[in-house]
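As a basis for the values below, the full set of heavy atoms in this structure was taken, side chains included, without hydrogen atoms, waters or symmetry mates. As the structure is a prediction and not an experimental result, all values here were calculated from the model.
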Amino acid sequence: MLLAAFVASFLLASTSFLLSAPPITAENFKPAALEYQKLNNVKAYLKNINKPPIKIIQSPDGDLIDCVLSHLQPAFDHHKLKGQLPLDPPERPRGYNSSADSVAESFQLWRQTGESCPEGTVPIRRTTEQDILRASSVQRFGRKPLKSIRRDSTGSGHEHAVVFVNGEQYYGAKANINVWAPHVSDQYEFSLSQIWVISGSFNNDLNTIEAGWQVSPELYGDNYPRFFTYWTTDAYQATGCYNLLCSGFVQTNNKIAIGAAISPRSYYNGRQFDVGLMIWKDPRHGNWWLEIGQGLLVGYWPAFLFSHLGSHASMIQFGGEIVNTRSTGFHTSTQMGSGHFAEEGYGKASYFRNLQIIDWDNSLLPVSNLHLLADHPNCYDIRQGKNKLWGNYFYYGGPGRNVHCP
């Protein structure tokens, strides 16, 4: 009797719950299905981009550095590179002197563990699920935000303090870049300092090769300055990516991890640290090579990736860039460079020194006919100079929002 009463009350309760529960409809099923699909896309991307390592190194900043066999790196997923091996080092430009850029191989945090990747492998920062979920979409992960490509960047959200040369045919560029850790005030903003090698019009056919350091909370999940590379052949729309996050750049070095944190860095009124960067076109094979520090070849962008840059660059640009989302309704307080204006000078403002270009004859030459551009000078500015020790140089940057930059 008691059992019958219990069963009856249970059935009554179950019926009332079913009647009160929301029906399963297309409206409330769709979000869950989309989330499930997104997670599946994330897992598929991770499986494709994270290659099987033969050794794993834990960096002090939390990164995992995978030592991946050179011929298994993401570049060789490209149909034009499948089955190939990285190329041998190219001839350096005439006038090149590596001793001028004496930076230790251990200028990245992960190398300070004393661990290293074996010969025949390349160190790759492992991409995590959290990295991808911070992006606006799986498709846009590893790419710069879409922007209107204009020299003054008015209204695009991207602001610059740069110098540039144009009007000639350029085959590379070289400079020493001062490294800082600027404050970035919004997850979807970044602050970077880099060299741009540019060709094509500032429309959908823009080709660029870029390298330098950046602070990008969205891409890396923290505020460390990190060594990075970038490329695009269609004005940042569908081609190219940061670092090794797509098939493109071929890494040849087992000592540098692209995307890994840089240490040491510069401090206000304290020690200054800069790193030499050179990008140049190999006269023999036509590929664009990247070198950092004291003769450390990082790797190359194959010539076939590009249309206009397949032959030469038409513009070289050096300097800083930030993204201003105005998420608070005001100009961002994201800093560029050191976060201080150019007029403060050495030890306080960020700098580039020894600016050089590489000409048709594979010769390093001092830049001439430099143009300056600070599109929001009350927020970030720039001043150039020249002397025997630093050659052509400039100071640049600023704090972003201030009384003159509301």
Side-chain angles (χ1 to χ4, degrees), residues 49-51 53-68 70 73-75 86 98 101-128 131 142 175-182 184 190-195 210-217 219-230 241-245 249-267 270-279 289-300 337-338 350 352:
I49 205 69
N50 288 326
K51 305 303 182 182
I54 65 167
K55 181 179 178 179
I56 301 169
I57 300 170
Q58 175 85 53
S59 175
D61 61 347
D63 282 355
L64 290 176
I65 305 298
D66 291 332
C67 302
V68 175
S70 296
Q73 63 180 291
S98 67
D101 302 321
S102 55
V103 60
E105 292 176 355
S106 58
F107 77 99
Q108 292 187 309
L109 271 175
W110 72 277
R111 291 299 307 279
Q112 295 173 10
T113 63
E115 295 278 351
S116 61
C117 282
E119 290 293 330
T121 70
V122 293
I124 302 178
R125 178 186 181 270
R126 186 182 300 179
T127 302
T128 67
D131 288 336
N176 285 69
I177 307 178
N178 196 198
V179 180
W180 293 79
V184 174
F190 62 65
S191 181
L192 60 76
S193 297
Q194 68 174 43
I195 297 172
E210 307 170 27
W213 61 261
Q214 69 177 162
V215 175
S216 176
L219 193 57
Y220 306 107
D222 57 35
N223 284 278
Y224 288 110
R226 293 169 176 273
F227 171 52
F228 82 96
T229 62
Y230 200 90
C241 61
Y242 281 111
N243 309 332
L244 304 181
L245 295 174
F249 186 85
V250 179
Q251 184 160 336
T252 60
N253 192 299
N254 69 330
K255 299 177 175 65
I256 304 294
I258 307 174
I262 299 174
S263 181
R265 67 213 48 172
S266 302
Y267 293 93
R271 179 187 175 184
Q272 298 300 293
F273 175 75
D274 66 39
V275 61
L277 277 183
M278 180 167 71
I279 301 167
W289 282 80
L290 172 65
E291 179 183 287
I292 191 167
Q294 193 171 8
L296 292 173
L297 278 176
V298 183
Y300 59 93
S338 69
S350 189
F352 278 58

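- Rounded to the nearest 0.5 angstrom, Trp180 CH2 and Phe273 CZ are separated by 13.0 Å.
- Across every non-hydrogen atom of Leu244 and Ile49, the tightest pair is O-CD1, 3.5 Å.
- Separation of atoms CD1 (Ile195) and CE (Met278) is listed at 10.0 Å; rounding is to 0.5 Å.
- Put simply, the side chain of Ser70 does not reach to within 4.5 Å of the side chain of Thr252, judged on heavy atoms.
- Partners of Gln272 according to the side-chain hydrogen bond (donor to acceptor under 3.5 Å, both in side chains) rule, which considers only residues two or more places apart in sequence or in another chain, do not exist here.
- The minimum heavy-atom distance linking Pro86 with Tyr300 is given by the pair CA-OH, 3.7 Å.
- Taking CD1 of Ile262 as the reference point, atom CD of Gln214 lies at 9.5 Å (rounded to 0.5 Å).
- Taking the side chain to side chain contact (heavy atoms under 4.5 Å, CB included) definition, one finds that Asn253 meets it with Lys255, Ile256, Leu296, sequence neighbours left out.
- Side-chain contact check for Leu109 versus Tyr224: some heavy-atom pair is nearer than 4.5 Å.
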For residues 113-121, please give each side-chain donor-acceptor pair under 3.5 Å, one per line with the distance, not counting sequence neighbours.
from   : atom 1 : to     : atom 2 : distance (Å)
Thr113 : OG1    : Trp110 : O      : 2.9
Thr113 : OG1    : Glu115 : N      : 3.1
Glu115 : OE1    : Lys55  : NZ     : 2.9
Thr121 : OG1    : Pro118 : O      : 2.6

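- Qualifying side chain to side chain contact (heavy atoms under 4.5 Å, CB included) partners for Leu64, counting only residues two or more places apart in sequence or in other chains: Ile56, Gln58, Arg126.
- Looking at every heavy atom in both residues, Gly337 comes nearest to Ser350 through CA-CB, 3.7 Å.
- Between the side chain of Gln108 and the backbone N or O of Ala257 there is at least one donor-acceptor pair closer than 3.5 Å.
- Residues that satisfy the side-chain hydrogen bond (donor to acceptor under 3.5 Å, both in side chains) test with Arg265, not counting sequence neighbours, are absent from this structure.
- With sequence neighbours left out, Ala75 forms a side chain to side chain contact (heavy atoms under 4.5 Å, CB included) with Gln73, Leu81, Val250.
- For Phe228, the ring-ring contact (aromatic ring centres under 6.0 Å, His included) test picks out Tyr242, with sequence neighbours left out.
- Between Phe107 and Phe227, the ring planes are perpendicular. Angles over 60° get that label, and only those under 30° would be called parallel.
- Asp66 contributes no side-chain N or O that, together with a main-chain N or O of Arg125, makes up a donor-acceptor pair within less than 3.5 Å.
- Here the side chain of Thr229 pairs no donor or acceptor atom with the backbone of Ala211 at under 3.5 angstrom.
- When all heavy atoms are compared, the tightest approach of Phe352 to Ala175 is CD2-CB, 4.1 Å.
- Ile65 and Pro123 get closest at one heavy-atom pair: CG2-CB, 3.6 Å.
- Considering OG1 of Thr127 and CG of Leu245, their distance stands at 5.0 Å, rounded to 0.5 Å.
- No side-chain donor-acceptor contact under 3.5 Å links Asn254 to the backbone of Val122.
- Legend: residues meeting side-chain hydrogen bond (donor to acceptor under 3.5 Å, both in side chains) with Asp61, ordered by chain and number and at least two apart, are Ser59, Arg226.
- Annotation: side chain of Ile177 is not in contact with side chain of Asp274 (no heavy-atom distance under 4.5 Å).
- The side-chain hydrogen bond (donor to acceptor under 3.5 Å, both in side chains) check on Ser193 picks up Tyr396, with sequence neighbours excluded.
- Residues passing the ring-ring contact (aromatic ring centres under 6.0 Å, His included) test with Tyr220, sequence neighbours excluded: none.
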